[in-house]
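Written below as structure tokens is the structure these notes are about.
Model, not experiment: these values are computed from the prediction. We use all heavy atoms of the structure for the numbers below, so side chains are in, but hydrogens, waters and symmetry mates are not.
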Amino acid sequence: MGPGSRVTLSHVVRFDKTVLLAAIKRMLNFNAPPLKNTAAEPVWKVLIYDRFGQDIISPLLSVKELRDMGITLHLLLHSDRDPIPDVPAIYFVMPTEENIDRICQDLRNQLYESYYLNFISAISRSKLEDIASAALAANAVSQVTKVFDQYLNFITLEDDMFILCHQNKELISYHAINRADIQDTDMEKLDKKLRENLRDARNSLFTGDNMAAGQFSFQRPLFILADRNVDMATPLHHTWTYQALIHDVLDFHLNRVMMEEGAGAEPSPAGARPKKKSRKTYDLTAADKFWQKHKGSPFPEVAESVQEELDAYRAQEDEVKRLKSIMGLEGEDEGAISMLSDNTAKLTSAVSSLPELLEKKRLIDLHTNVATAVLDHIKSRKLDVYFEYEEKLMSKSTLDKSLLDIISDPDAGTPEDKMRLFLIFYITAQQAPSESDLEQYKKALVDASCDLSPLTYIKQWKAFTKMAATPANYGNSGVKPMGLFSRVMNTGSQFVMEGVKHLVLKQHVTEVLTLFFSVFQETDDYRYFDPKMLRGSESSIPRNKNPFQEAIVFVVGGGNYIEYQNLVDYAKSKQGKKVVYGCSELFNAAQFIKQLSQLGQK
């Protein structure tokens with residue numbers, strides 16, 4: 001097919017953000033190593049992707065970064081696209097029937113100068129033949145420069161976190177793999193796939209090609225595969241850390257927050273239509289130092305840090321204004337300032353830092369807006385009360401009020417908040433409540449407008465798994481109450497925390513982290529596989545006692561930021577160890593409740 005042929009790339013099967021980013025940059029450079037000389041003019045081209053390709057790229061590269069790599073346009077495959085016959089096109093799509101048909105249509109319409117086809121997962125031979133036939137019929141064989149299998153069917157949201165990108169996401173949801181009619185044949189055998197991969201020289205998981213030669217060690221990582229059913233309480237838990245709270249209460253998807261903002265503080269004239277709320281988008285990226293430092297911090301600390309950053313910015317801004325006033329340059333342009341003599345060096349230095357100061361202000365405004373929106377949810381729904389009470393339930397601490405009181409309180413939370421709290425109580429209870437008590441709880445939940453379908457499923461789940469006691473991992477968790485924020489944090493603070501509990505987190509240990517620990521304690525509570533060993537019974541496989549340097553913890557059925565942060569905190573305490581968290585999908589409590597409700601209705 002043209003001067004090139006189908007190529008299989010294997011180095012990017014490592015779930016590492018740095019490696020994935022390098023692979024994407026290589027792909028955008030026609031699958032050649034990017035030029036080290038950044039001053040060189042890039043080759044201008046267009047990027048054509050489907051929704052899955054867009055999801056993979058958007059958390060990694062900004063529009064500016066794409067342009068710096070020569071991407072003049074980035075368009076969805078199934079959008080209306082005009083011909084650009086003198087520009088090469090890089091495609092990054094899933095090898096679906098619909099996508100293949102559209103690519104063939106592009107070839108027939110001669111949209112671009114040349115075509116670099118990159119498939120997120122491996123394309124079948126039959127679909128490859130369809131492309132070849134279309135290229136032949138369109139007399140465009142020489143224009144299809146190369147076809148690549150990229151094996152990038154996952155999304156990296158953090159350096160140490162990834163989620164699966166799947167053509168049919170509903171097939172790997174918690175609902176899909178726990179429905180009553182699920183068949184064993186529907187579940188893919190991971191052990192078989194790993195064995196095949198290790199025996200396939202083209203698709204080695206732990207060695208690189210020329211691009212990544214010497215980049216990886218040859219020590220195989222530890223891979224821990226956990227079922228969501230090992231811990232059903234954590235995904236429902238109201239949290240207290242910044243990133244997890246944003247995911248819980250705001251529209252947070254692929255590192256991007258979408259929020260509604262008012263068009264202005266001024267009221268509309270009498271009789272006039274109310275002003276429409278605008279949608280504002282904020283990207284929370286690795287380039288944001290405040291985000292990197294505080295995303296795992298308790299929310300009160302974040303609010304205080306935002307205020308400190310704002311105060312520091314105002315002090316710098318006031319210093320520039322003061323120097324201008326002293327020099328009699330109030331209102332002068334920057335050109336006049338730059339021509340001052342040496343005795344104005346201090347002012348010139350201050351002015352030269354203005355771009356950096358403006359970027360700092362942008363990030364402060366970003367986190368002020370986001371944190372304010374989170375705080376509004378905390379105060380209006382009393383999320384601090386829910387968080388503290390759930391922590392006490394999980395850690396078997398003494399409760400200061402009855403569960404029924406919180407459920408019955410019309411001012412405490414939404415119906416969903418109340419259902420989450422009760423499900424955690426039910427899941428972690430050593431003994432299920434009596435039928436009479438359960439009926440009383442159910443009546444209170446119904447009176448609070450709660451849908452009982454999730455409870456129906458959790459009752460079935462608990463009966464099936466026979467989980468009669470709280471997992472031991474919750475014993476060391478909890479919070480330390482520090483009283484109420486009876487006033488603003490400091491004079492002039494943007495965050496009025498009055499009435500919100502000041503809760504200090506203790507070390508929280510989730511069931512997934514407990515499972516991680518148990519692997520190294522020579523317990524027999526988990527199944528052990530070694531894909532390099534010849535087939536045999538599990539008990540006959542000798543367990544590798546060598547200390548690991550890298551571990552991948554993957555949760556089938558959905559994960560959450562609480563578990564991720566738990567593993568991050570552990571990895572920070574262990575020098576030289578790298579722990580990566582992955583999950584089939586990343587959901588918040590509302591999305592998990594919805595799946596439980598669907599299961600409870602059947």
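- Relative orientation of the His237 and Phe387 rings is parallel, given thresholds of 30° and 60° on the angle between their planes.
- Between Tyr457 and Tyr174, the two ring planes are perpendicular [angle over 60°; tilted spans 30° to 60°].
- In this structure Tyr389 satisfies the ring-ring contact (aromatic ring centres under 6.0 Å, His included) test with no other residue, sequence neighbours excluded.
- Between Tyr242 and Phe299, the ring planes lie tilted relative to each other; the angle falls in the 30° to 60° range.
- Residues Ala286 and Gln292 approach most closely at CA-NE2, 3.2 Å, considering heavy atoms.
- Taking every heavy atom of both residues into account, Gln565 and Gly296 meet most closely at OE1-CA, 3.4 Å.
- Residues passing the side-chain contact (heavy atoms from CB on, under 4.5 Å) test with Lys289: none are found, sequence neighbours excluded.
- In this view, Ala244 and Thr239, Thr241, Tyr561, Ile562 satisfy the side-chain contact (heavy atoms from CB on, under 4.5 Å) rule, not counting sequence neighbours.
- Between Gly413 and Lys418, the shortest heavy-atom distance links the atoms O-CE, 3.9 Å.
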Salt bridge (charged side-chain N to carboxylate O under 4.0 Å, His left out) evaluation trace for Glu563 with Arg228: CA-CA 11 Å; Glu563 288 171 342; Arg228 178 69 275 157; 2.5 Å; yes
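- A salt bridge is defined here as a Lys NZ or Arg NE, NH1 or NH2 lying under 4.0 Å from an Asp or Glu carboxylate O, and Asp68 with Lys64 meets this definition.
- By the salt bridge (charged side-chain N to carboxylate O under 4.0 Å, His left out) test, Lys295 is found to be paired with Glu158, residues two or more places apart in sequence or in another chain being considered.
- Every residue two or more places apart in sequence or in another chain that forms a side-chain hydrogen bond (donor to acceptor under 3.5 Å, both in side chains) with Asp417 is listed here: His238, Arg381, Thr414.
- Scanning both residues, Gly558 and Ser584, for their nearest heavy atoms gives N-OG, 3.1 Å.
- Nearest heavy atom pair, residue Ala429 against residue Lys462, reads O-NZ, 3.0 Å.
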Test log, rule side chain to side chain donor-acceptor pair (under 3.5 Å), inputs Gln150 and Asn31: CA-CA 10 Å; Gln150 291 284 358; Asn31 283 287; 3.0 Å; yes
Worked check of side chain to side chain donor-acceptor pair (under 3.5 Å) between His377 and Asp248: CA-CA 10 Å; His377 280 274; Asp248 190 9; over 6 Å; no
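- Among residues two or more places apart in sequence or in another chain, the side-chain hydrogen bond (donor to acceptor under 3.5 Å, both in side chains) test is passed with Asp283 by Arg256.
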